[in-house]
Amino acid sequence: MLILLELDAPRKDIENLKSKIILHGCTPHEIPGSSKLAIGITGPTSNLNEDEFHLMSSVQEVVRVTKKYKLVSRQMKNEDTVIEFDNAKIGGRELTIIAGPCSVESREQIFEIAGQLKDMGIKFMRAGAYKPRSSPYSFQGLKEKGVEYLAEVKAEFGIKIVTELISTSYLDEIASIADIIQIGARNMMNFNLLEEAGKTMKPILLKRGMSATVEDLLLSAEYILAQNNYNVILCERGIRTFETSTRNTLDLNAVPVIKKHSHLPILVDPSHGIGIWDKVPAMCLASIAAGADGLIVEVHSNPENALSDGYQSLTPQNFKQMLNKIKQLAPIVDRTFSL
Ligand code: PEP
Ligand code: MN
């Protein structure tokens, strides 16, 4: 349920309303960034009587939210969510590019790629220190050492760090250096991990599970917003289908569908989506044309020697060419792109 109040509603009316909601066993959420003063209600809302709220002072409208997900829905908040950083924003008209290697492999490797990305004007670098690999015998990441190198590279270049959290055991360690905490496809439905990551109040990049529907993804995001953390960025990264000629099937349908149902920004990861480096640029352009708010792309200084996902990684040179094409495409789809 959503309650819209007069914009100049006195604080005591808002607090009275919240107390009444809590009295009925539900949870009130003041919806941030909305042009209207809005209180979202989650919990057993079928117990609530709309008329009771209509009678309260400052209340303008009471709306039943029909979707299973509530706080992530456009019904609760119509305006697009824009996540603000000191020198960047995610969401809104400006496109965002997150780029970097799949994994942190060594101090030299991460410093080299960070320098190359920084020179291109990239503000967000991705790189995993803890890697969730399909095989237990594959490289699992440099773990604590990887986190240490990420901290060093962040201090040296001022580049923002996007890195994956695979377990609550590493929460403090990852939260201490990550500007954005990535939750990977394999953990999209690890609800406890979502709640604990959400409680840090850090921006969370939530990747779609490989067998998850759009509704599943939005319900997972709801777990984070339910912690009052609205800084969630969704990510389409391909799903499993019968098709075997590509690593996954990049479901670009999800982009306009999510835009319709949710106010959260959505990025696309064409690297994991198609899994073949020379096909990645085409899918980057397609993602932006479909309405994505930006991309997360794997870029490696030396892909043939990468310890994970080298085959789908762009060289810095190929990545730069792709960025030039995005620059040309942006105004055609009414976006800005200022690298
Ligand atoms: C990654 O970003 O390197 C990764 C493991 O992605 P996903 O969780 O989408 O497989
Ligand atoms: Mn990867």
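Just so it is clear, the structure is predicted and the values come from calculations on it, not from any experiment. Order of appearance sets the numbers: ligands from 1, and atoms from 1 within every ligand.
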Charged N to carboxylate O below 4.0 Å: is that the case for E152 and R107?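 Salt bridge: yes.
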Note: E15-K12 ion pair, threshold 4.0 Å (strictly below):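 A salt bridge is absent here (no side-chain N lies under 4.0 Å from a carboxylate O).
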Show me which atoms of ligand 1 lie under 4.0 Å from any heavy atom of [X].
{"X": "R186", "value": "7 (P), 8 (O), 10 (O)"}
{"X": "G184", "value": "8 (O)"}
{"X": "C102", "value": "3 (O)"}
{"X": "E298", "value": "3 (O)"}

Any nitrogen or oxygen of [X] lying under 3.5 Å from a nitrogen or oxygen in ligand 1? Just yes or no.
{"X": "D269", "answer": "no"}
{"X": "K207", "answer": "yes"}
{"X": "D309", "answer": "no"}
{"X": "P132", "answer": "no"}

Ring centroid separation F111 to Y149 under 6.0 Å: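 So the answer is no for these two rings.
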Name the orientation class of the two ring planes belonging to F85 and F124 (parallel below 30°, tilted from 30 to 60°, perpendicular beyond 60°).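 Answer is perpendicular, since the angle exceeds 60°.
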For ligand 1, note which part of Q182 has a heavy atom under 4.0 Å away: side chain, backbone, both or neither.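 It is the side chain that gets close, since no backbone atom is under 4.0 Å.
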Residue pairs, two or more places apart or on separate chains, that pass salt bridge (Lys or Arg N to Asp or Glu O under 4.0 Å) and touch residues 281-306: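 Output for this query lists R126-E298, K259-D293, D293-R335.
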Please name the pair of heavy atoms, one in [X] and one in [Y], separated by the smallest distance, quoted to 0.1 Å.
{"X": "D179", "Y": "I159", "answer": "OD2-O, 4.4 Å"}
{"X": "P265", "Y": "I90", "answer": "CG-O, 4.0 Å"}
{"X": "P101", "Y": "H300", "answer": "CB-CD2, 4.0 Å"}
{"X": "C235", "Y": "L205", "answer": "CB-CD1, 4.0 Å"}

List the closest protein heavy-atom neighbour of [atom]: residue, atom name, distance to the nearest 0.1 Å.
{"atom": "atom 8 (O) of ligand 1", "value": "A185 N, 2.7 Å"}
{"atom": "atom 9 (O) of ligand 1", "value": "R237 NE, 2.6 Å"}
{"atom": "atom 4 (C) of ligand 1", "value": "H272 NE2, 3.5 Å"}
{"atom": "atom 2 (O) of ligand 1", "value": "R126 NH1, 2.8 Å"}

F191: which residues meet the ring-ring contact (aromatic ring centres under 6.0 Å, His included) condition with it, sequence neighbours left out?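 By the ring-ring contact (aromatic ring centres under 6.0 Å, His included) rule, F191 matches Y223.
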Proximal protein heteroatoms (N, O or S) of the Mn ion (ligand 2), under 2.8 Å: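 Correct list: C102 SG, H272 NE2, E298 OE2, D309 OD2.
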Just jot down the side-chain contact (heavy atoms from CB on, under 4.5 Å) partners of N253, sequence neighbours excluded, or say none.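 By the side-chain contact (heavy atoms from CB on, under 4.5 Å) rule, N253 matches D251.
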Under 4.5 Å between side-chain heavy atoms, hopping through other hydrophobics if needed: is there a path connecting L323 to M125?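 Yes, it is one cluster - the side chains of L323 and M125 are joined through contacts under 4.5 Å.
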Nearest 0.5 Å please: distance from the CD atom of E108 over to the OG atom of S301.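 Atom-to-atom, E108:CD and S301:OG are 11.5 Å apart.
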Any heavy atom of G128 closer to ligand 1 than 4.0 angstrom?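 No, that is not the case, since the closest heavy atom of the residue is not under 4.0 Å from the ligand.
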